[in-house]
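Everything on this sheet refers to the single structure shown next.
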Protein chains: 2
Amino acid sequence: MKDAISVLRECHIQPTPQRIAVVDYVLNTRAHPSADEVLEHARKKCPTVSRATVYNTLNLMVKKGLLKTQLLKEGTVFFDPNMGKHHHFIDNETGDIYDIPWDHLQITEKERLKGFEISEYQVIMRGRRKKK
Amino acid sequence: MKDAISVLRECHIQPTPQRIAVVDYVLNTRAHPSADEVLEHARKKCPTVSRATVYNTLNLMVKKGLLKTQLLKEGTVFFDPNMGKHHHFIDNETGDIYDIPWDHLQITEKERLKGFEISEYQVIMRGRRKKK
DNA sequence: TCATCGTATTAGAATAAGTCTAAAATTAGA
DNA sequence: TCTAATTTTAGACTTATTCTAATACGATGA
Ligand SMILES: [Mn+2]
Ligand SMILES: [Mn+2]
Ligand SMILES: [Zn+2]
Ligand SMILES: [Zn+2]
């Protein structure tokens, strides 16, 4: 459970009630919320927060290295508080997004990828989560 | 070099001049064009084709299994005529998208991904193409 | 305590990708 | 050639996101 105020202070971002509400939700979820989902949750703690401030705060957090964006579905960006390397699985039926731990897969370069300087990569998997 | 008219006939899609222009470009490129890029190229062969028809045709091609959509950059969908399994590399500086052959990487499940029924997956890599 | 000034927030306008609509054009078939 | 079905089209609409410019806030120092 990360403390929003401390995190903001450490990043030299003024902790306003709006930012606290955003950070408190988005850094303490294991989901991959869209901006609209963040807005919805942040309003529980700070009912007046605006959409613009949510976008401002999320974009600032990405710039400060507190969040990553993920392109997993058409039409919206998802914000990911899990900053460690990991892969993703998307359930095609429910739309649910799951984190797959980095060490559960091993990627080996069988043919040298000459000319490509890879700075990051991940595996994106789609399918369905087996019901229990 | 695929023949647009034959491809359309095989898929039971009426080959109109507009569709021929779209198919002729998108099935014979190794790029990953956006709808707007397809429109631009299709207009060279059929100058009157509309944006709506380009979208209609591309979506129809996806439904018929002639194209796949790829989510590789924020804000736009890219259409991929390479229907075989492959991975992608995106040059962060130029935005260029490269296909990486399937057998150049080997993905091994080190930890069994219990409960996930994977129907498709790919590795998405980002970085920069080395000059030269 | 108050005034000041830079920072933050806001509503709503603007943008841009993509879809929808309904009228006009084209096509296939009798 | 006539007709009905299919296709195309311009432009309206939707939706995610960014921009704008006016307002509110808040730390600071007199
Ligand atoms: Mn592609
Ligand atoms: Mn958009
Ligand atoms: Zn994640
Ligand atoms: Zn490809």
Side-chain angles (χ1 to χ4, degrees), chain A residues 4-5 7-9 11-26 32-64 66-80 95 97, chain B residues 4-5 7-9 11-26 32-43 45-64 67-80 95 97:
Chain A
I5 298 183
V7 170
L8 286 166
R9 289 231 178 86
C11 291
H12 312 284
I13 303 173
Q14 283 194 33
T16 64
Q18 292 86 344
R19 285 168 173 168
I20 294 166
V22 168
V23 172
D24 185 56
Y25 170 66
V26 81
H32 295 73
S34 66
D36 245 40
E37 282 158 0
V38 174
L39 175 64
E40 200 180 303
H41 284 89
R43 281 195 165 151
K44 289 180 185 160
K45 178 166 289 208
C46 179
T48 66
V49 66
S50 71
R51 194 179 308 273
T53 294
V54 168
Y55 274 103
N56 288 343
T57 306
L58 291 172
N59 291 337
L60 193 53
M61 293 175 76
V62 170
K63 202 194 303 177
K64 296 282 186 178
L66 295 169
L67 284 181
K68 264 187 304 188
T69 56
Q70 300 284 356
L71 303 179
L72 300 171
K73 297 184 207 167
E74 222 172 291
T76 354
V77 164
F78 297 95
F79 293 89
D80 193 343
I97 297 164
Chain B
I5 298 184
V7 169
L8 286 167
R9 289 233 178 85
C11 291
H12 309 101
I13 304 173
Q14 282 194 34
T16 64
Q18 292 86 345
R19 285 169 174 168
I20 292 166
V22 168
V23 172
D24 186 55
Y25 170 65
V26 82
H32 296 74
S34 66
D36 246 39
E37 284 158 358
V38 174
L39 176 64
E40 202 180 302
H41 283 89
R43 280 194 167 154
K45 178 167 287 209
C46 179
T48 66
V49 66
S50 71
R51 194 177 308 272
T53 295
V54 167
Y55 274 105
N56 288 343
T57 305
L58 291 171
N59 290 337
L60 193 53
M61 291 175 76
V62 170
K63 202 192 305 174
K64 296 282 186 175
L67 285 180
K68 263 188 304 191
T69 56
Q70 300 283 357
L71 303 179
L72 300 171
K73 297 184 207 165
E74 222 173 291
T76 354
V77 164
F78 296 96
F79 293 90
D80 194 343
I97 298 164

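Everything quoted here is computed from the prediction, not taken from an experiment. Throughout, protein chains are lettered first and strands after them, A, B, ... in sequence-line order, and every chain is numbered starting at 1.
- Between B:Lys63 atom NZ and C:dT19 atom P the separation is 12 Å, expressed in whole Å.
- Contact between the side-chain N/O atoms of A:Tyr55 and the OP1/OP2 oxygens of D:dT18 is not found at any separation under 4.0 Å.
- DNA chain C is contacted by both A:Val54 and B:Ser34; A:Val54 maps to the nucleotide lying nearer its 5′ end (nearest heavy atom per residue).
- The CG atom of B:Leu8 sits 11 Å away from the P atom of D:dT7 (whole-angstrom rounding).
- Between the side chain of A:Arg9 and the main chain of A:Pro15, no donor-acceptor pair closer than 3.5 Å is present.
- Spacing between atom CZ of A:Arg51 and atom C1' of D:dC19 amounts to 15 Å, rounded to whole angstrom units.
- Here the shortest heavy-atom pairing between A:Cys46 and A:Ala21 reads CB-CB, 3.7 Å.
- Every residue meeting the side chain to side chain contact (heavy atoms under 4.5 Å, CB included) condition with A:Thr16, not counting sequence neighbours, appears here in chain and number order: A:Gln18, A:Arg19.
- Regarding B:Asn59, its CG atom lies at a distance of 12 Å from the C1' atom of C:dA17, rounded to whole Å.
- Here D:dT6 presents its P atom at 15 Å from NE2 of B:His12, a figure rounded to the nearest Å.
- Aromatic rings from A:Phe78 and A:His32 are positioned such that their centres are separated by 6.0 Å or more.
- We find that NZ of B:Lys73 is positioned 12 Å from P of C:dA17, with the value rounded to whole Å.
- A search for ring pair (Phe, Tyr, Trp, His ring centres under 6.0 Å) contacts involving A:Phe79 returns nothing, not counting sequence neighbours.
- Every side chain to side chain contact (heavy atoms under 4.5 Å, CB included) that B:Glu37 has, sequence neighbours left out, goes to B:Pro33, B:Ser34.
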Contact pattern, 5' to 3', of nucleotides 4-9 of chain C - B, S or - by protein heavy atom under 4.0 Å: ---SSS

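- Across the helix from C:dT1-D:dA30 to C:dA30-D:dT1, the helix axis at one end is tilted relative to the axis at the other end by 10° (nearest 10 degrees, each axis from five pairs).
- Remark: A:Asp24 pairs with A:Lys45 by the salt bridge (Lys or Arg N to Asp or Glu O under 4.0 Å) rule, at least two apart or across chains.
- Residue contacts shown for A:Asp36 are absent, as no nucleic acid heavy atom lies under 4.0 Å away.
- A donor-acceptor pair under 3.5 Å links the side-chain atoms of B:Thr57 to the main chain of B:Thr53, judged by distance alone.
- Between the C1' atom of C:dA17 and the CG atom of B:Leu58 lies a distance of 13 Å, rounded to the nearest Å.
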Derivation of the side chain to side chain contact (heavy atoms under 4.5 Å, CB included) call for B:Leu67 and B:Asp80: CA-CA 6 Å; B:Leu67 285 180; B:Asp80 194 343; over 6 Å; no

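- We find that CG of B:Leu39 is positioned 13 Å from C1' of C:dG18, with the value rounded to whole Å.
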